[in-house]
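Data first, discussion second: the structure below is written as structure tokens.
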Amino acid sequence: MAGPSAASGGKPIRDRDIGARTLAVVTENTQRHPEHAGPHPASPADLPTQYAPAEVEEKLYEGWVARGYFEADPKSERPPYAIVIPPPNVTGSLHLGHAFQHTLMDALTRRRRMQGYEALWLPGMDHAGIATQNKVEQQLAEEGKSRQDLGREAFVERVWQWKEEYGGRILGQMRRLGDGVDWSRERFTMDRGLSRAVQTIFKRLYDDGLIYRAERIINWCPRCLTAISDIEVEYQEDSGELVSLRYGEGEETVVVATTRAETMLGDTAVAVHPDDARYRHLIGRQIKLPLTDRSIPVVADPHVDPEFGTGAVKVTPAHDPNDFEIGRRHDLPSLTVLDERGVITAHGPFEGLDRFEARAAIVHALRGQGRVVAEKRPYVHSVGHCSRCDTTVEPRLSMQWWVKVAPLAQAAGDAVRDGRTAIHPPEMASRYFDWVDNMHDWTISRQLWWGHRIPVWYGPDGEAVCVGPDEEPPGTEAEGWRQDPDVLDTWFSSGLWPFSTLGWPDETPDLAKFYPTSVLVTGYDIIFFWVARMMMFGTYVMDEVPFRSIALTGLVRDEHGKKMSKSFGNVVDPLDWMEAYGSDAVRFTLAGGANPGTDVPIGEDWVKASRNFANKIWNATRFALMNGATVTGPLPDAAEMSAADRWILSRLNEVVAETDRHYEDYQFARLSDVLYHFAWDEVFDWYVELSKTAFARGGRAAEVAGRVLGEVLDVMLRLLHPVIPFVTEELWTTLTDGESLVVAAWPADSGFRDAAAEGEIRTVQRAVTEVRRFRAEQGLQPGQKVPARLALAGTPLTAHEEAVRQLLRLQPEGDGFQATATLPVEGATVELDLSGAIDVEAERKRLTKDLAAAEKELKQTTAKLGNEGFLGKAPEQVVEKIRARRAAAESDITRLKDQLARLG
RNA sequence: GGGCGCGUAGCUCAGCGGCAGAGCGCCUGCCUUACAAGCAGGAUGUCACUGGUUCGAACCCAGUCGUGCCCACCA
């Protein structure tokens, strides 16, 4: 673990627990470089100038939790703001994708809480049916056992044990990240309450005829031995063979192409397109099927594409979804030739062969039959694999439970269409509609043991009874009743998450207060299966959308924009970065990359940059404390304040307004950018430097500057807190003696603006930058004090002589001005005494370059202003801007020519 | 096969009609009393290409090329 001493390059940090308040008192004597400080072992000179996140983060987090800040009160009068966490799998651990979304959710709830909302962020986990069951089965396998050895009840017991022992590692990691979740409301999808919710909605759907049982072709994993849904299938390009087989005898033959020769044993027809002239004569005839003693009919079906292959297709209703449909249309029998493990069941020489062995064996056997194999060529095509274990999925005819989605999906689509739920960014809505408008019925039964068991009982006479949550089974096993052995798809229970976690089906205060929730934050990759299901179930049972808006995030990628994956070896554990640079640094980096709906690249260098930002804030606050900045009492009258004070307060309020705007649009990258640049460029680089003259002067001037600086930091720390809660909390409580930023008020735009001050300071900035450039090019060292004579009368700089001298390290003018360079700045002059050291050539070069640029600008702006089309059509503001630019260019040219002339 | 997006500095990306930007990286000089995890200064672009609309295009339109993702019952 990289502690503060490692991160600080080994500089001594004597007392790591020293807080900034102590610092404020003792840092007067702090030497910047302790190694030069001489032998004062116990002197305050060794105190840290570097922020050490590891020391404060855990302590602060536990304090927040202990004080119950994150616990929401449903009886509160405050307006509600609620987010339910997308429940991570119980088997999972925190990856950067979580860290990313959690940062956004945390920032949203923290800001709302500060704004006075009753804010709830509800945590929990998903039981993750297949994933968890696989995990425990693996564990058993290591002991040489299978789940069948244990039996169902003992196995489920074992899974619960596993959950207690290993599950939920992610919850601890969330604390490390700083997630302000309400731990008193933590939920698990297999909780008793949530199970009741599952049973309740199942029964309701069943009674409404929206759940039914049917035998159909489903995706089957021959390894997991369960049905899986379409979304649990991952398609990969596999190379196989396309084999053309000649069916029939004599004149009546037809060639069909297949990648799955082994299923020919289950063929019950050949299909051709009804309009295909090549085969019209065969329609309705029987053809001899090779290797068997069966003959099968040729049927005409419009599904067949005459352009593909030979235009004729073998039909295996029991082993292919399309063929199943064709079979239904033509009333063909289904002949199952593969069992649940993908092994041939058809009697004959192939019985007992695995499907892949059988494929080769059958092609081999057919080759032995003369002209049956008409052609064989390599063929790359897309094949479904089980997303859990990568086994090739087998389409299988079986009896499963289904949800009839059409009416539910209609309602889910309408909710977005009529604006009850808004999708951010709006472009993403089309993906949502694509999904809900084209949804197939959903297979919800799984042949697993870990999950919510289907609440249907079968009686001795084959009758089925769906049992509600508070009902007894219709009969005992002794009487011949037994419960359906299957469990429900994991997504069935997570689809209920936004209201089941709040207590539904009971009418709880939580449900009344916090449903519908405010926003769902999730990746665009799961908009399809999860979001749509919550929308369906929410509108179905609650008659109200589950969330007012959906904020879609992108995926986290590495620093080159590449997907993080184990095979690339570019996966980063966010915990490592949090240890090394602090949670704030990771959070700030992630938030800074969060443009709505687009992917987020992240690299260690960027986290370091964020760490540097936190450190910068730390040191700026140290400066403020050392100079007696205050945060209480009214701000000084505008008349008492310097232009710099008025400028920074004006900017501060603009920043407050801008931050709010970006929060409303989920523009985290923009608000991070605004705050970063305001803090660093404006407050730290300019305001703090400008305020030094006032602090140096002391008295009332220092008091005023201290109050303004205190105000700026106070507000700034509040604005930054939702994104970087730790460093802001540590500094703010010290600076203000306040209880906690978690429960502090969110800043409001006071409306204070001072355009004149903003203009004045911009002028100072321009002038100072220009002289600095001159100094740099003259080879003057930044700290080197230079005697200078300032003539600023009648210019915007009049009031800022002291500041200009301070910023430029100019000494009061002395006598012997020997070789003097003159720099007219905005009509003012600054004469530096360079004691004959001026580099005339360097200066001439610089001025010539600037002159060329100014002349180009003049030419361009003049051309523009001479353009009648432009004058007629451009908005007045734009024209005005161009005029100002031309005027500036003109004055620059005069000035530069004058300066060049002086150089001789 | 269908749909959506993206090509802007060395890298990763903002900007989406009115002076081409940021972070990181790079060059020069600095321990300037808050901060060397820092400070000051500097360099860097056919805004993928070709046409069009417009007084004005990185931005709007059409096409081309490149690239990524999603969907689909590609035998």
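Remember, it's a predicted structure, so these values are computed and weren't measured experimentally. The sequence lines fix the lettering, A, B, ..., with proteins before strands; numbering per chain opens at 1.
Nearest to the side chain of Ala609(A), among C35(B), C55(B), G23(B), sits G23(B). Here the side chain of Arg431(A) is nearest to one of A37(B), C69(B), G38(B), namely C69(B). In this structure, the nucleotide among G15(B), C35(B), A75(B) sitting nearest to the side chain of Asn619(A) is C35(B). For Lys849(A), whose side chain is taken as the heavy atoms from C-beta onward, the closest listed nucleotide among G42(B), G18(B), C35(B) is G42(B). Checking A75(B), C13(B), C24(B) against every side-chain atom of Tyr676(A), the shortest atom distance belongs to C24(B). Between C55(B), C16(B), A37(B), one nucleotide has an atom nearer to the side chain of Arg670(A) than all others, and that is C16(B). Across A22(B), C35(B), C16(B), the shortest atom-to-atom separation from the side chain of Glu689(A) is found for C35(B). Taking the side chain of Glu857(A) as heavy atoms from C-beta on, and the options C19(B), A75(B), A36(B), the nearest nucleotide is C19(B). Nearest nucleotide to the side chain of Lys864(A), out of C35(B), G3(B), G56(B): G56(B). Side-chain proximity of Lys692(A) to the nucleotides C55(B), A34(B), G38(B) is greatest for A34(B).
The closest side-chain heavy-atom distance from Leu552(A) to His424(A) is not below 4.5 Å. Between Asp320(A) and Thr263(A), the closest side-chain pair of non-hydrogen atoms is not below 4.5 Å.
Among the heavy atoms of the strands lying under 4.0 Å from Thr769(A) are primed sugar atoms or P, OP1, OP2 only; no base atom is included. Among the atoms of the strands shown, none is found under 4.0 Å from any heavy atom of Thr861(A). Heavy atoms of Asp685(A) sit under 4.0 angstrom from primed sugar atoms or phosphate atoms, though from no base atom. Within the 4.0 angstrom heavy-atom criterion, only backbone atoms of the sugar-phosphate kind lie near Thr259(A); the bases stay farther away. Counting non-hydrogen atoms under 4.0 angstrom, Val315(A) reaches nothing in the nucleic acid. No engagement by Ala271(A) is indicated, since no non-hydrogen atom pair under 4.0 Å with the nucleic acid exists. Heavy atoms of Val688(A) sit under 4.0 angstrom from at least one base atom. Using a 4.0 Å heavy-atom distance criterion, His677(A) is classed as a sugar-phosphate-only contact. Contacts of Pro321(A) with the nucleic acid, taken as non-hydrogen atoms under 4.0 Å apart, are absent. When heavy atoms are screened at a 4.0 angstrom cut-off, Phe684(A) is found touching base atoms of the nucleic acid. Counting any heavy atom pair closer than 4.0 Å across all strands shown, Arg885(A) reaches a base atom.
Atom NE2 in His440(A) sits about 6 Å away from atom P in A72(B), given to the nearest Å. Taking atom CG of Leu810(A) as the reference point, atom P of U32(B) lies 17 Å away to the nearest angstrom. The CG-P distance, from Leu780(A) to G41(B), rounds to 14 Å in whole Å. Summarising the geometry, the separation between CH2 on Trp606(A) and P on U12(B) is reported as 8 Å, rounded to the nearest angstrom. Per the geometry, CG belonging to Asn595(A) stands 16 Å off P belonging to G23(B), to the nearest Å. The OH-C1' distance, from Tyr432(A) to G3(B), rounds to 18 Å in whole Å. Atom NZ of Lys608(A) is separated from atom P of G25(B) by 9 Å (rounded to the nearest Å). Summarising the geometry, the separation between CG on Leu871(A) and P on C55(B) is reported as 13 Å, rounded to the nearest angstrom.
Remark: Asn615(A) is not in phosphate contact with G38(B), judged by side-chain N or O atoms under 4.0 Å from OP1 or OP2. Taking 4.0 angstrom as the limit, Arg773(A) places none of its side-chain polar atoms (N or O) nearer than this to OP1 or OP2 of A40(B). The side chain of Ser610(A) places no N or O atom within less than 4.0 Å of a non-bridging phosphate oxygen (OP1 or OP2) of A37(B). Lys616(A) has a side-chain polar atom (N or O) that falls below the 4.0 Å cut-off from OP1 or OP2 of C39(B). Distances shorter than 4.0 Å separate some side-chain N or O of Trp680(A) from OP1 or OP2 on C39(B).
Within the model, atoms OH of Tyr247(A) and CG of Asp267(A) stand 4.0 Å from one another, a figure rounded to the nearest 0.5 Å. Remark: Phe870(A) CZ to Leu865(A) CG distance equals 6.0 Å, nearest 0.5 Å. Atom NZ of Lys864(A) sits about 10.0 Å away from atom OG1 of Thr861(A), to the nearest 0.5 Å. Here CD1 of Ile217(A) is found 7.5 Å from NE2 of His319(A). Values are rounded to the nearest 0.5 Å.
Rounded to a whole angstrom, the distance from the P atom of G10(B) to that of C71(B) is 36 Å. When the P atom is compared between C30(B) and G15(B), the two are found 40 Å apart, to the nearest whole Å. Here the separation of U33(B) from U12(B), taken at their C1' atoms, is 37 Å to the nearest Å. Between G1(B) and C19(B), the two C1' atoms lie 47 Å apart (nearest whole Å). Across the C1' atoms, G51(B) and A57(B) are found 13 Å apart, a figure rounded to whole Å. Only the C1' atoms considered, G66(B) is 15 Å distant from U50(B), to the nearest whole Å. Rounded to a whole angstrom, the distance from the C1' atom of G52(B) to that of C59(B) is 15 Å. A distance of about 26 Å separates the P atoms of G5(B) and U54(B), rounded to the whole Å.
With a 3.5 Å ceiling on both atom-pair distances, the Watson-Crick or G-U wobble partner of C49(B) is G63(B). Nucleotide G41(B): paired with C27(B) (Watson-Crick or G-U wobble, both distances less than 3.5 Å). Checking C4(B) for Watson-Crick or G-U wobble geometry (two distances, each under 3.5 Å) identifies G68(B) as its partner. Of the nucleotides present, U12(B) is the one that pairs with A22(B) by Watson-Crick or G-U wobble criteria, both distances under 3.5 Å. The base-pairing partner of G17(B), taking Watson-Crick or G-U wobble contacts with both distances under 3.5 Å, does not exist among the strands shown.
One finds no salt bridge joining Arg260(A) and Asp323(A) here, because no Lys/Arg side-chain nitrogen approaches an Asp/Glu carboxylate oxygen to under 4.0 Å.
Around CD of Gln877(A), the count of heavy atoms belonging to other residues, nucleotides or ligands within 6.0 Å does not exceed 12.
Comparing Ala776(A) and Arg557(A) against RNA chain B, the residue whose closest nucleotide sits nearer the 5' end is Ala776(A). Nearer to the 5' terminus of RNA chain B, by closest-nucleotide assignment, is the contact made by Lys881(A) (compared with the other of Lys881(A) and Val683(A)).
You won't find any donor-acceptor pair under 3.5 Å spanning the side chain of Arg772(A) and the base of A40(B), going by distance alone.
Both cation-pi conditions hold for Arg772(A) and Trp686(A): the charged atom is under 6.0 angstrom from the six-membered ring centre and inside a 45 degree cone around its axis.
In this model, no donor atom of one side chain and acceptor atom of the other lie less than 3.5 Å apart for Tyr581(A) and Asn615(A).
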